[in-house]
Structures are given as C-alpha cells and as structure tokens.
Amino acid sequence: MDPGVFTWLFLLLLAAATAERSNVLLIVSDDLRTSLGCYGDTLANSPNIDQLASKSQVFLNAFAQQAVCAPSRTSMLTSRRPDTTRLYDFNSYWRVHSGNYTTLPQHFKSEGYYTMSVGKVFHPGIASNHTDDYPYSWSIPAYHPFSFRFEKQKMCKGEDGRLHANLLCAVNVTEQPGGTLPDLESTDEAVRLLKSRASDGAPFFLAVGFHKPHIPFRIPQEYLSLYPLDKMTLAPDPDVPERLPPVAYNPWTDVRKREDVQKLNVSFPYGPIPKDFQLRIRQHYYAAVSYMDAQVGRLLSTLDALGLTDSTMVVFTSDHGWSLGEHGEWAKYSNFDVVTRVPLIMFVPGVTASHSSPGASTFPFIDVLTQPEYSFTNARVIQNTVELVDIFPTVSNMTGLPALKECPEVSFQVELCTEGRNLAQTFHQKERGRNPDILAFSQYPRPSDTPQNNSDLPDLRDIKVMGYSMRNRAYRYTVWLGFNPRTFQVNLTDVHGGELYMLEDDPGQDKNIYGDHDHIMLTKKMASLPPDVSLRTRMRLQLYYYTAGLKTNAGKV
C-alpha cells in the first residue's frame with residue numbers, strides 16, 4: 001500500500017475513534033482547602049465553583065497523598081503514591097528517580113488528545129525535569145505566566161509606603177508589573193487555547209493550574225471588601241491537640257519568613273500569632289479564594305461561549321489544603337484533615353447534568369463583586385473517602401479510554417497502572433451509606449522528633465521519620481515510623497508516635513486518644529504477619545483491632 005494512503009487511512013480511523021470522546025478541562029488550585037460554599041463554608045464567596053458543583057458530582061471527603069505541592073501533584077498525575085514516586089521534597093524527577101511512569105495527560109496524548117498545560121500543573125523545576133514533563137505529557141510546551149517571576153519579590157506596599165515581601169499582599173493590579181497578576185495571565189492564555197481548539201477535530205486535554213490561594217496573598221485588593229474584618233472569626237480550635245506527639249506538629253516556617261510576620265516576633269515553634277493578625281490572614285486567604293473563583297468562572301463561561309460545555313468533562317481540585325490557625329498551625333505540611341482534605345468536583349455532560357438547550361448557558365459568569373446574591377445546591381454528593389490518586393483512572397474511564405489496571409504491590413517497572421480506585425461506578429450507582437472499609441492514605445516526612453526549622457519540608461537526605469495516616473468516615477489513624485532515606489524503607493518497630501481521632505465526636509481532630517503504650521501492644525499483635533504484608537494492610541488491621549477495642553470499651557474512652 002502506498003505510504004501516503006496508509007497514513008491517510010490511519011488518520012481517518014483515529015479521527016473516527018476520537019470523534020465521540022469528551023474533551024477534558026482539569027483545573028487545579030494551589031493550597032485550597034474546602035473553604036467553598038459547596039462544601040458548607042458559609043463565609044466563602046465562591047459562586048462560580050458552587051455553580052459548577054450544582055451540575056457536578058461533589059466528593060465531600062477527598063484526600064491528597066502528601067500535603068505539599070510537588071509530591072502531591074506528582075502523585076495525582078501519575079496515580080502513584082509518594083512511596084512509589086519516591087518524591088517527598090522538590091528535588092528529584094520521578095522518571096529517573098523511581099520509574100518511567102505514564103502520566104494522566106501523557107495517557108490522553110497517546111490516545112490522540114491534544115494536551116496543554118497552563119500555569120502550575122506539575123510543580124515546576126527539578127520535580128518535572130524543568131520542562132513540566134514536556135514532551136512526554138504535553139503536545140506543546142507548558143505555559144507559565146510572565147508575572148509569576150515577581151511573586152516572591154518585594155511587591156507589597158507596607159504601612160511605611162515602601163515595598164515588602166509580605167504574607168499579606170493585596171495590591172492595586174494596575175500598579176503591578178505589566179498591570180497584571182499570574183492567575184489573570186493564566187486565564188487569558190487558557191481562554192486563548194480553548195478558542196484555538198474549538199473548531200479542531202481532535203479532542204483536547206487542557207490542564208489549568210491557578211497559583212492562588214498559595215502565599216503570598218498577592219491578590220487584587222478589591223476582593224478584601226467581600227470579607228470585612230469585623231465579620232471574620234478565628235479558628236475554633238487554635239490550641240495544639242491534647243497528647244499530640246511533637247513530631248506531628250508543623251511549625252509553619254515559610255510563613256515566618258515573610259517580612260510582616262517577622263515583625264511580630266512570634267516564638268518558635270508554637271507561636272501563637274497575635275489574634276488581630278490571625279484575622280487578617282484569614283481575611284486574605286478567603287479573598288484569594290474568591291479571586292481564584294472568578295478565574296474559574298471565566299474559564300467555564302468560555303466553554304459555554306464556544307459551545308464546548310456539552311463535550312467537555314470538567315474536573316476541579318486542589319493539591320492539598322492549608323491551616324488557618326487550626327491546631328495552632330498555619331500553612332500545610334502535616335497529616336491533619338484541614339491540609340490533606342481537598343475539593344474534588346467532576347462535571348460529566350449528560351451524566352451529572354443534562355445537555356444544555358440550544359443557546360442556553362450552563363455556566364454563566366458570576367461577578368462576586370457585583371452579584372453578591374446567589375444560591376446553589378450540589379447536584380449529587382459522595383460522602384465516602386476518595387483520594388487524588390483516583391482522578392487518573394476515573395477521568396480515563398469517564399471519557400471512554402481503556403480502563404487502567406491496578407498496580408501490583410511493587411510497580412517501579414510498570415509504566416501504566418493505578419494505585420487509586422476507578423470511581424466511575426459512583427456516577428451510576430447511588431452511594432449506600434457509610435463504608436468504613438473505604439480508606440484514604442496520606443503521609444508526611446519529618447527530620448526529627450521535635451519541630452525544627454526544616455520540619456516543614458526536609459530534603460530527602462534529612463528525613464528520619466515518616467508519618468503514615470489512614471482515614472475513613474469514622475477515624476483518622478496515624479503512626480510515625482523511623483525512615484531510611486537511602487533505602488526508602490520504614491522500620492515497623494521504630495515507632496516515634498501515634499495519633500487516633502474519633503471523628504464523630506471529634507471532627508476537628510483535637511483529642512488524640514492514642515496512648516504511648518498502644519504501639520507496643522499493636523506491634524506484638526502484628527508480629528505474626530508475614531514480612532511482605534504491606535504497610536497499608538498492616539495499618540488497616542491495626543485500626544480494626546484498635547477501634548474494635550474502643551467500641552467494646554466505649555464507656556472507658
């Protein structure tokens with residue numbers, strides 16, 4: 001056969017195979033906890049995301065695998081847990097450090113999708129080979145906004161009239177370099193790319209990563225007006241939890257480095273920050289959420305304007321959460337729910353919402369600064385726990401791509417598989433109440449048993465302890481184990497602390513009921529298990545054993 005004819009036939013078959021496939025718009029916010037109206041936060045002004053939730057499936061208990069940017073994003077986009085990517089800091093590239101794993105966008109690219117990245121999707125730098133994993137994952141080089149280079153510079157006008165590198169940094173956008181901000185630029189570029197693909201025959205996968213509400217809170221100053229200081233409240237549980245092992249505490253070092261925080265002379269490691277400044281931090285965080293929400297609204301309304309809504313699956317999530325004074329902590333870097341729990345919203349046209357009528361708008365833009373009155377109800381919700389590693393297999397399945405196989409226990413040589421769950425069945429079957437057997441796993445490394453300057457983000461060589469955390473609807477169980485950074489192995493008998501919270505009675509995780517003697521008892525109980533039983537299986541058995549005792553002795557707890 002003539003090579004030209006063969007090529008023509010191949011392209012024709014490819015076009016036919018992809019004609020009915022959904023596009024994908026993946027939106028990832030940075031450091032966003034569940035401070036959204038659709039997650040029950042009555043303070044948050046997030047109308048565009050709430051509107052998305054009103055046409056979507058909302059996973060109310062979704063968890064990140066590690067509460068820091070690079071490890072979480074790499075885990076989510078490869079569907080492998082941090083112990084498989086072996087990325088716990090920002091200083092390695094998984095393809096050469098652990099295994100040549102296929103990523104979510106790479107999988108779509110291999111199936112004929114045109115894949116594009118805007119803003120912070122992969123963590124930039126070494127963690128994504130200084131290319132955002134191009135050309136493996138993307139059809140074109142990833143886009144980063146020019147104005148982001150000013151993010152860590154002295155851009156915040158202080159009370160003295162001078163510019164500072166502050167935590168609180170509400171600005172007049174017209175006075176910023178180029179008269180713009182990173183997320184404004186990223187939205188402009190994403191809109192441009194959507195317009196460029198609107199009439200193209202090939203399906204697309206567009207990932208858009210917004211930088212906010214990540215610190216510094218360099219945001220348009222007008223969003224502060226949505227959150228008057230006299231309406232702001234402090235965290236309901238500002239104290240370090242009872243019996244919290246010191247290894248579990250996050251001393252929020254990156255926040256302390258900001259000039260306005262340095263002026264407060266806050267003691268290390270427990271603080272506290274003065275209450276008036278706490279209120280301002282919370283005000284700025286929520287304002288940053290509303291600013292980011294407006295950018296999401298711009299993207300979704302563009303789908304409507306281009307007639308793409310009915311052919312595009314939309315996924316909205318975050319890499320992890322952020323503490324706003326809960327447990328005496330600020331920032332992320334721990335295993336508490338407030339930093340591991342994230343929003344996860346999936347819009348599937350024709351499944352979570354009916355196809356729109358001709359000329360109708362599914363996601364009209366809502367300007368929260370001028371349209372403060374709105375009300376939305378989530379279309380459907382999933383209460384049981386899910387994880388960010390579940391996104392890859394679920395999105396693949398919901399868009400008609402071949403289902404991913406479950407990874408074997410050791411999968412360093414397997415390029416394409418998932419360590420998560422395919423959640424596709426949740427879109428077609430009603431959830432049958434609480435399932436304690438569905439678990440979410442997170443972890444966090446520490447350099448020592450007590451808080452020190454690098455406790456937030458230790459380099460791999462400095463990691464001495466790994467905190468493994470397991471969460472279901474009823475309990476959060478965490479054990480801190482000795483860790484060897486050269487062999488990536490944990491010592492199951494070297495226990496540095498434990499945490500157990502009964503979530504029904506203690507949803508804020510403020511009363512640790514794990515006793516110092518418990519790990520001795522549990523270690524003995526697990527001694528008969530074969531050595532090749534995984535840590536997650538051991539922890540599951542430990543949780544079942546321990547909580548069975550709690551139920552039996554409920555009156556003694």
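All values derive from a computational prediction rather than experimental measurement. Numbering starts at 1 and runs along the sequence shown.
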Whether the [X] and [Y] side chains hold a donor-acceptor pair (N or O, under 3.5 Å, no angle test) is what I'd like checked.
X: Q66; Y: S72; answer: no
X: Y227; Y: S290; answer: yes
X: H496; Y: D449; answer: yes
X: N384; Y: N61; answer: no
X: S534; Y: R536; answer: no
X: Q65; Y: Q443; answer: no
X: D510; Y: H327; answer: yes

Do the non-hydrogen side-chain atoms of [X] and [Y] ever get within less than 4.5 Å of each other?
X: M155; Y: V171; value: no
X: D89; Y: D462; value: no
X: L77; Y: F122; value: yes
X: Y286; Y: M232; value: yes
X: L244; Y: Y514; value: no
X: T34; Y: V342; value: no
X: L416; Y: Y101; value: no
X: W252; Y: I273; value: yes

First locate atom [atom1] of [X], then atom [atom2] of [Y], and finally report the distance between them rounded to the nearest 0.5 Å.
X: L168; Y: I281; atom1: CG; atom2: CD1; value: 6.0 Å
X: Q542; Y: T537; atom1: CD; atom2: OG1; value: 11.0 Å
X: L492; Y: R538; atom1: CG; atom2: CZ; value: 5.0 Å
X: D293; Y: I49; atom1: CG; atom2: CD1; value: 4.5 Å
X: R243; Y: N512; atom1: CZ; atom2: CG; value: 6.0 Å
X: Q262; Y: N166; atom1: CD; atom2: CG; value: 9.5 Å

Determine whether L500 and Y475 satisfy the following criterion, side-chain contact (heavy atoms from CB on, under 4.5 Å), listing intermediate values before the conclusion. CA-CA 7 Å; L500 181 63; Y475 303 98; 4.3 Å; yes

Applying salt bridge (charged side-chain N to carboxylate O under 4.0 Å, His left out) as the test, list every pair that has at least one member in residues 472-491; sequence neighbours left out. R476-E499

Take S411 and R80, measure what side-chain contact (heavy atoms from CB on, under 4.5 Å) needs, and give me the verdict at the end. CA-CA 9 Å; S411 63; R80 313 292 182 105; 3.2 Å; yes

Might you work through the side-chain contact (heavy atoms from CB on, under 4.5 Å) test for V395 and V315, ending with a clear yes or no? CA-CA 8 Å; V395 174; V315 179; 3.8 Å; yes

With a 6.0 Å cut-off (strictly less than), is the heavy-atom count around NZ of K511, excluding the residue itself, greater than 12? no

Counting only heavy atoms not in E406, do more than 12 fall under 6.0 Å of its CD? no

According to the side chain to side chain donor-acceptor pair (under 3.5 Å) rule, which pairs have a member within residues 122-136, sequence neighbours left out? Y93-D133, R95-D133, D132-H144, D133-S137

Whether F217 and Y285 hold their rings parallel, tilted or perpendicular, with breakpoints at 30° and 60°: perpendicular

List the steps, then state whether salt bridge (Lys or Arg N to Asp or Glu O under 4.0 Å) holds for R33 with E326. CA-CA 12 Å; R33 54 195 255 158; E326 295 86 359; 2.9 Å; yes

Can Q452 and N454 be said to form a side chain to side chain donor-acceptor pair (under 3.5 Å), step by step? CA-CA 6 Å; Q452 58 188 46; N454 66 335; 2.6 Å; yes

Taking only residues two or more places apart in sequence or in another chain, which ones pass side-chain contact (heavy atoms from CB on, under 4.5 Å) with N422? P393, T394, N397, A424

Would you please name every residue forming a side-chain contact (heavy atoms from CB on, under 4.5 Å) with S186, sequence neighbours left out? V118, Y143, P145

Can you name the closest pair of heavy atoms from G271 and R256 and give their distance? N-NH2, 4.2 Å

What is the minimum heavy-atom distance between L344 and Y39, and which atoms define it? N-OH, 2.8 Å

Test side-chain contact (heavy atoms from CB on, under 4.5 Å) on F336 and E329 and set out the steps. CA-CA 10 Å; F336 282 108; E329 296 185 344; 3.7 Å; yes

Residue from N335, V490, T478 passing side chain to side chain contact (heavy atoms under 4.5 Å, CB included) with Y468: V490

Check T253, V339, D254 against Y333 for a side chain to side chain contact (heavy atoms under 4.5 Å, CB included) and give me the one that passes. D254

Using salt bridge (Lys or Arg N to Asp or Glu O under 4.0 Å), reason through K332 and D31 one step at a time and then give a plain yes or no. CA-CA 8 Å; K332 48 243 184 185; D31 289 19; 2.8 Å; yes

Donor-acceptor pair, E151 side chain versus S147 backbone, under 3.5 Å? no

Are the side chain of D260 and the backbone of L167 linked by a donor-acceptor contact shorter than 3.5 Å? yes

Taking the six-membered ring where the residue is Trp, are the ring centres of F483 and Y88 under 6.0 Å apart? yes

Residue pairs fulfilling ring pair (Phe, Tyr, Trp, His ring centres under 6.0 Å) with at least one residue in residues 262-284, sequence neighbours excluded: Y249-Y270

Tell me whether the guanidinium CZ or amine NZ of R86 lies under 6.0 angstrom from the six-membered ring centre of F488 and within 45° of its axis. yes

Does the Lys NZ or Arg CZ of R341 fall within the cation-pi geometry relative to F63 - under 6.0 Å from the ring centre and within 45° of the axis? no

Verdict with reasoning, Y444 to W480, per ring pair (Phe, Tyr, Trp, His ring centres under 6.0 Å): CA-CA 9 Å; Y444 209 84; W480 296 86; 7.8 Å; no

Sorted by chain and number, sequence neighbours left out, disulfide (SG to SG under 2.5 Å) with C69 holds for none

